[in-house]
Amino acid sequence: MDHLLAAHCAPALAGIKPANLVSCQRSQFPQLSRQLEEYRRAFAPKDVHFRILCACSKRYLLLVYRRRLLEQCLAQEKVVTLLEQFGYHREESLETKLDRLARRAAGQGGFPHEIGLFLGYPVEDVEGFIRYGGAGYKLCGCWKVYGDVPSASRQFARITQVCRTCVRRVEQGETLFEVFAVA
């Protein structure tokens with residue numbers, strides 16, 4: 001679990017993104033809910049939360065997020081306006097928004113692409129992805145970029161560096177708790 005979280009969630013754990021999403025194979029992590037309790041306790045003082053967003057017979061989608069950062073991200077006027085188009089309400093709590101996102105992720109209507117807003121992607125990139133169905137992007141990295149390529153390139157480099165550093169430390173024997181000084 002430490003390696004998986006290091007590879008895919010280090011930016012949220014490090015506080016440079018509000019959230020990360022990772023798919024966990026049920027066969028590899030049959031006791032995921034129980035495993036997450038230890039992570040929740042250790043990371044709670046850093047405002048890091050772990051939530052199984054949805055589950056199917058083969059996998060879990062795990063959202064790792066920093067509550068305050070995510071609330072700030074979702075409070076931006078352009079983000080609020082776009083989320084309203086998907087049935088979210090300005091006055092809803094973060095938990096209510098996450099519940100709505102979880103229902104949409106588990107539903108039959110296709111994947112909720114507004115999830116990019118929860119992951120801290122720029123609004124113009126989320127709008128572009130939705131509008132063009134994932135085609136016609138200017139740059140593809142951690143997400144598909146339809147807007148500011150230089151800014152996204154800098155973010156991709158920073159995210160990649162954080163993930164590589166975290167993975168390297170875990171591969172050298174440190175636990176995720178040690179890497180992020182929560183042990």
Side-chain angles (χ1 to χ4, degrees), residues 5 8-24 32-56 59-134 136-138 141-148 151-152 154-156 158-159 162 180 182:
L5 293 174
H8 298 283
C9 300
L13 294 171
I16 65 168
K17 279 186 79 237
N20 285 108
L21 188 67
V22 63
S23 177
C24 306
L32 182 63
S33 293
R34 195 169 331 134
Q35 270 182 295
L36 289 178
E37 285 309 313
E38 186 178 1
Y39 288 96
R40 286 182 180 116
R41 279 192 301 277
F43 281 94
K46 292 195 177 250
D47 194 36
V48 175
H49 302 268
F50 299 79
R51 178 179 174 147
I52 296 174
L53 198 59
C54 66
C56 67
R59 69 184 52 86
Y60 300 100
L61 274 183
L62 174 64
L63 184 70
V64 177
Y65 65 97
R66 287 186 172 258
R67 178 176 299 283
R68 275 180 241 109
L69 278 179
L70 185 52
E71 287 173 336
Q72 290 169 1
C73 180
L74 298 180
Q76 297 172 50
E77 191 56 38
K78 287 182 178 182
V79 173
V80 169
T81 301
L82 185 54
L83 283 175
E84 285 175 338
Q85 294 176 28
F86 295 97
Y88 298 83
H89 302 286
R90 180 181 305 267
E91 66 282 350
E92 289 177 328
S93 69
L94 178 60
E95 280 306 312
T96 301
K97 287 176 178 142
L98 290 173
D99 289 344
R100 182 178 306 279
L101 180 64
R103 283 191 306 276
R104 287 182 46 77
Q108 301 297 319
F111 195 77
H113 295 298
E114 75 272 12
I115 198 168
L117 300 170
F118 288 80
L119 300 175
Y121 300 169
V123 173
E124 60 271 14
D125 295 340
V126 175
E127 288 174 325
F129 186 89
I130 292 167
R131 181 178 303 119
Y132 301 112
Y137 51 86
K138 298 176 184 177
C142 301
W143 61 86
K144 291 183 177 177
V145 179
Y146 294 84
D148 187 343
S151 176
R154 286 188 300 276
Q155 287 179 282
F156 292 171
R158 187 172 180 209
I159 289 167
V162 166
F180 290 100
V182 296

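Model, not experiment: these values are computed from the prediction.
Within the structure, salt bridge (charged side-chain N to carboxylate O under 4.0 Å, His left out) pairs that include any residue of residues 119-129 do not occur (at least two apart or interchain). Here ring-ring contact (aromatic ring centres under 6.0 Å, His included) pairs that include residues 66-92, with residues two or more places apart or in two chains, are Tyr88-Phe118. Applying the salt bridge (charged side-chain N to carboxylate O under 4.0 Å, His left out) test to every pair with at least one member in residues 80-91, sequence neighbours left out, gives these pairs: Glu77-Arg90, Glu84-Arg90.
Heavy-atom minimum distance, Asp99 versus Arg51: OD1-NH2, 2.6 Å. Nearest heavy-atom pair, Ser23 versus Arg59, reported as atom, atom and distance to 0.1 Å: OG-CD, 3.0 Å. Heavy atoms only, all atoms of each residue included: Val64 and Ala12 are closest at O-CB, 3.7 Å. Scanning all heavy atoms of the two residues, the minimum distance from Leu117 to Tyr121 falls at CD2-O, 4.3 Å. Considering all non-hydrogen atoms of both residues, Cys54 and Ala106 come closest at CB-CB, 4.2 Å. Across Cys142 and Ile159, no two heavy atoms sit closer than the pair SG-CG2, 3.8 Å.
For Pro112, the side chain to side chain contact (heavy atoms under 4.5 Å, CB included) test picks out Leu101, Arg104, Ala105, Glu114, with sequence neighbours left out. Tyr39 meets the ring pair (Phe, Tyr, Trp, His ring centres under 6.0 Å) test with Phe50, Phe177; sequence neighbours excluded. For Thr96, the side chain to side chain donor-acceptor pair (under 3.5 Å) partners are Ser93, not counting sequence neighbours.
Within the 4.5 Å cutoff, the side chain of Leu94 has heavy atoms near those of the Tyr65 side chain. Between Ile52 and Ser33, the closest side-chain pair of non-hydrogen atoms falls below 4.5 Å. In this structure, the side chains of Tyr132 and Tyr137 stay at 4.5 Å or more apart for every pair of heavy atoms. Counting only heavy atoms from C-beta outward, the side chains of Leu62 and Leu36 approach each other to under 4.5 Å. The closest side-chain heavy-atom distance from Ile115 to Leu53 is below 4.5 Å. No side-chain heavy atom of Leu5 sits under 4.5 Å from any side-chain heavy atom of Asn20. In this structure, Val126 and His113 have side chains that are not in contact, with every pair of non-hydrogen atoms separated by 4.5 Å or more. Side-chain contact between Arg67 and Glu95 is present, with at least one heavy-atom pair separated by less than 4.5 Å.
Taken to the nearest 0.5 Å, the NZ atom of Lys138 stands 8.0 Å off from the CG atom of Asp148. Lys97 contributes atom NZ, which lies 6.0 Å from atom CG of Leu74 (distance to the nearest 0.5 angstrom). To the nearest 0.5 Å, atoms CZ (Arg66) and SG (Cys73) are separated by 14.0 Å.
Checking side-chain atoms of Lys144 against main-chain N and O of Phe129 turns up no donor-acceptor pair under 3.5 Å. Between the side chain of Arg68 and the backbone N or O of Asp47 there is no donor-acceptor pair closer than 3.5 Å. In this structure, Lys46 contributes its side chain and Leu13 its backbone to no donor-acceptor pair below 3.5 Å.
Checked for salt-bridge contact, Glu37 and Arg40 meet the test: a charged N lies under 4.0 Å from a carboxylate O.
Glu71 CD: more than 12 foreign heavy atoms inside a 6.0 Å radius.
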